[in-house]
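Below is one structure, written out as structure tokens; the observations come after it.
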Amino acid sequence: ERGATQVQIKRAYRKLALKDHPDINKAPKAKERWKDISLAYDLLVDPEKLQSWERARQEAATRDDSPGHMFNNTLGAMFDTLFEGVTLESGIGG
């Protein structure tokens with residue numbers, strides 16, 4: 001969720017780690033999902049990376065045929081999937 005604090009992001013990440021870390025979750029795609037979660041977390045906690053991503057996302061929103069448009073759709077979908085059900089108040093499962 002936009003506007004989330006670093007504390008809220010860290011709390012949501014830890015809850016996802018308890019559920020989806022490959023050492024805990026033995027599902028076939030757990031490693032792949034964990035890599036995506038880690039990538040998203042790394043981006044969200046680094047202000048410079050987050051600003052770069054936001055700029056690329058905003059630019060892509062104005063140009064449907066740009067490579068950034070694919071970037072925007074891919075990362076946007078990844079974040080939506082990864083953090084589905086995560087709320088700022090309570091972490092996973094709102």
Sole residue of Arg33, His21, Arg11 in side-chain contact (heavy atoms from CB on, under 4.5 Å) with Leu16: Arg33
What are the two closest non-hydrogen atoms of Ala30 and Asn25, and how far apart are they? CB-O, 3.2 Å
Which residues share a side chain to side chain contact (heavy atoms under 4.5 Å, CB included) with Gln6, sequence neighbours left out: Ile9, Val45
Enter the distance from Asp23:CG to Lys31:NZ here, rounded to the nearest 0.5 Å. 9.0 Å
As an exercise, state the distance from CG of Leu18 to CZ of Arg14, rounded to the nearest 0.5 Å. 9.5 Å
Exam field: side chain Gln8 to backbone Thr5, donor-acceptor pair closer than 3.5 Å: yes
Measure the spacing between CG of Leu39 and CG of Leu44 and express it to the nearest 0.5 Å. 9.5 Å
Single-linkage hydrophobic cluster Leu50~Tyr41, side-chain heavy atoms < 4.5 angstrom: yes
